[in-house]
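First the structure, in the form of structure tokens, and then the observations on it.
Order of listing sets the numbers, starting from 1, for every ligand and every atom in it.
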Amino acid sequence: MNPFDLSNRVAIVTGGNGGIGLGMARGLANAGAAVVVAGRNKEKNTAAVADLESLGAKAAAVEVNVTDPASCRAMIAAAVGRFGRLDILINNAGTNIRKQPTEYSLAEWHEVLETNLTSAFVCAQAAHPEMRRAGGGKIINIGSMMSIFGASFAVPYAASKGGIVQMTKGLATAWAKDNIQVNAVLPGWIDTDLTRKAREQVKGLHERVLERTPAGRWGITADFAGIAVFLSSPASDFITGTAIPVDGGYSVQG
Ligand code: NDP
């Protein structure tokens, strides 16, 4: 048996229509899974499905706003309606608003917390009965280096990503009995739309990342294919509640 084989598995990747989410979705598709990409932007959704189908995979898109719990539940139902089961959920959709702490409105705080943290809880809750029905499952939550470190310009984001790690541990302990493994992935600095904006907004960021990252480069979305397959496959059946950095060594550099 190939422990990384995902044939006959069905996955949902929130924010799977671009960036890190699409990098993960491609990994799952190449390993044989049927993949549902879920995002707000219709054009990006359609392009991502075409991309995954070009790899020979079964793929579908669901339009979702993860800040709306009803929309999250409908996404799970739509994926099961389309492919008949749900085995893998990757909670990847995320956003950031960069400001000094005194400058945030409460609405901005809620926007970041709801997009990054509450949505992951709601989607996991909605996925749980489907995974039990399938005999088990895999949930992967996307954290950040700011799950570990502070950032003066991203306090709500760091709070949400710190919460992702603790939520992951709680769900992992609660659902181990259901054969559902729950893990977090903590990306370092990766070249995506999200960080392109950060590079524009935070002076000197590009150079600081290169200097601080032992691998000497920014991550690319393809760097996430392997970890997605590993944490979605039988290869990781005895691994749960962890938070694994995919960061070129950023978090171990003194
Ligand atoms: P992108 O901006 O490229 O992707 C973000 C994705 O989230 C998009 O696909 C977007 O889809 C989706 N999304 C955002 N808000 C919502 C919403 N309300 N409802 C549904 N979908 C939504 O960023 P990245 O690929 O960089 O980020 C992916 C994850 O990785 C995030 O959780 C981010 O915090 C995390 N991360 C990224 C790092 C990096 O260096 N890039 C570092 C650490 C963590 P749409 O446009 O269709 O809404």
Side-chain angles (χ1 to χ4, degrees), residues 12-26 35-49 51 61-76 78 90-98 110-120 122-123 140-149 151 154 156-165 167-168 184-202 205-206 208-210 212-213 215 217-225 227-228 243-248 250-251:
I12 297 178
V13 185
T14 70
N17 61 16
I20 290 174
L22 184 56
M24 292 187 142
R26 285 184 183 136
V35 184
V36 174
V37 289
R40 291 169 300 186
N41 183 308
K42 264 190 189 166
E43 289 80 51
K44 279 167 63 184
N45 284 351
T46 307
V49 169
D51 182 306
V62 177
E63 218 176 302
V64 68
N65 185 339
V66 296
T67 62
D68 173 5
S71 180
C72 293
R73 291 180 198 120
M75 169 191 77
I76 302 284
I90 304 190
N91 285 313
N92 162 79
T95 194
N96 197 359
I97 299 173
R98 296 174 194 85
H110 281 298
E111 184 185 332
V112 176
L113 268 289
E114 276 158 33
T115 306
N116 295 359
L117 180 59
T118 309
S119 73
V122 171
C123 292
I140 303 170
N141 300 314
I142 307 307
S144 162
M145 286 297 102
M146 291 177 203
S147 300
I148 311 172
F149 302 114
Y157 183 86
S160 72
K161 294 299 189 179
I164 280 281
V165 171
M167 185 191 71
T168 297
V185 170
L186 312 183
W189 286 94
I190 316 303
D191 183 16
T192 67
D193 288 350
L194 192 75
T195 49
R196 257 164 242 143
K197 221 193 286 172
R199 271 183 268 189
E200 284 159 25
Q201 291 174 347
V202 184
L205 179 67
H206 178 68
R208 280 212 306 279
V209 168
L210 286 183
R212 163 87 200 247
T213 304
R217 64 169 175 90
W218 283 66
I220 56 172
T221 59
D223 288 323
F224 290 82
I227 191 78
I244 302 179
V246 177
D247 66 349
Y250 183 97
S251 58

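N116 contributes a side-chain N or O that, together with a main-chain N or O of T95, makes up a donor-acceptor pair within less than 3.5 Å. Listed for the S71 side chain is no donor-acceptor partner under 3.5 Å among the backbone atoms of V66. No donor-acceptor pair closer than 3.5 Å links the side chain of T67 to the backbone N or O of T115. No donor-acceptor distance shorter than 3.5 angstrom exists from the side chain of K197 to the backbone of T192, with no hydrogens or angles considered. One N or O on the side chain of T195 and one on the backbone of I190 form a donor-acceptor pair closer than 3.5 Å. Formation of a donor-acceptor pair under 3.5 Å by the N141 side chain with backbone atoms of A184 is not found in this model. N92 places no side-chain N or O within donor-acceptor distance of the main-chain N or O of I142, the cut-off being under 3.5 Å.
By heavy-atom distance, the residue among G188, S144, A93 lying nearest atom 42 (C) of ligand 1 is G188. Within the set S147, G94, G19, the minimum heavy-atom distance to atom 5 (C) of ligand 1 is found for G94. For atom 35 (C) of ligand 1, the candidate residues are V209, V62, I142, V13; the nearest heavy-atom contact is made by I142. In this comparison of V246, N92, T14, N17, the heavy atom closest to atom 9 (O) of ligand 1 sits on N17.
In terms of polar-atom proximity, defined here as any N/O pair under 3.5 Å, N41 does make such a contact with ligand 1. Checking only distances, G16 never comes within under 3.5 Å of ligand 1, N or O to N or O. Checking only distances, R40 does come within under 3.5 Å of ligand 1, N or O to N or O. No N or O atom of N45 sits closer than 3.5 Å to an N or O atom of ligand 1.
In this structure, CD on E63 lies 10.5 Å from CZ on R40, to the nearest 0.5 angstrom. Of the inter-residue distances, the one linking I164 atom CD1 with N91 atom CG reads 6.5 Å to the nearest 0.5 angstrom. Atoms CG and OG, on L113 and S119 in that order, are 10.5 Å from each other to the nearest 0.5 Å. Note that the CD1 atom of I97 and the CD atom of E111 stand 4.0 Å from one another [nearest 0.5 Å].
A salt bridge between R217 and D223 is present, with a side-chain N of the basic residue lying under 4.0 Å from a carboxylate O of the acidic one.
Of all the heavy atoms of M145, none lies under 4.0 Å from any atom of ligand 1, so neither backbone nor side chain is involved. Under 4.0 Å from ligand 1, not a single heavy atom of T95 appears. Contact annotation: for K161 versus ligand 1, heavy atoms closer than 4.0 Å belong to the side chain alone. With a 4.0 Å cut-off on non-hydrogen atoms, V66 touches ligand 1 through its backbone as well as its side chain.
Atom 4 (O) of ligand 1 has as its closest protein heavy atom G18 O, 4.7 Å. With hydrogens left out, the protein atom closest to atom 18 (N) of ligand 1 is N65 OD1, 3.0 Å, a heavy atom. Nearest to atom 37 (C) of ligand 1 among the protein's heavy atoms is I20 CD1, 3.6 Å. Among protein heavy atoms, atom 24 (P) of ligand 1 sits closest to T192 OG1, 3.5 Å. The single protein non-hydrogen atom nearest to atom 40 (O) of ligand 1 is I190 N, 2.7 Å, given as residue, atom name and distance. Of the protein's non-hydrogen atoms, the one nearest atom 20 (C) of ligand 1 is V64 O, 3.3 Å. Scanning the protein for heavy atoms near atom 34 (O) of ligand 1, the closest one is Y157 OH, 2.5 Å. Regarding atom 23 (O) of ligand 1, its nearest protein heavy-atom neighbour is L194 CB, 3.4 Å.
For ligand 1 and K44, the ligand atoms under 4.0 Å from any heavy atom of the residue are 8 (C), 11 (O), 45 (P), 46 (O). Close approach of ligand 1 to W189 is summarised as follows: ligand atoms under 4.0 Å from at least one heavy atom of the residue are 40 (O). Contact atoms of ligand 1 toward T115: 15 (N) (distance under 4.0 Å to a heavy atom of the residue).
In terms of heavy atoms, M146 sits closest to A154 at SD-CB, 4.0 Å.
R199 forms a cation-pi arrangement with W218, by the criterion of a distance under 6.0 Å to the ring centre and an angle within 45° of the ring axis.
Residue contacts with ligand 1: T195 is included, with a non-hydrogen atom under 4.0 Å away. Within the 4.0 Å heavy-atom cutoff, G143 counts among the residues contacting ligand 1.
Looking at residues two or more places apart in sequence or on another chain, you find a side chain to side chain contact (heavy atoms under 4.5 Å, CB included) between T213 and V209, A215, Y250.
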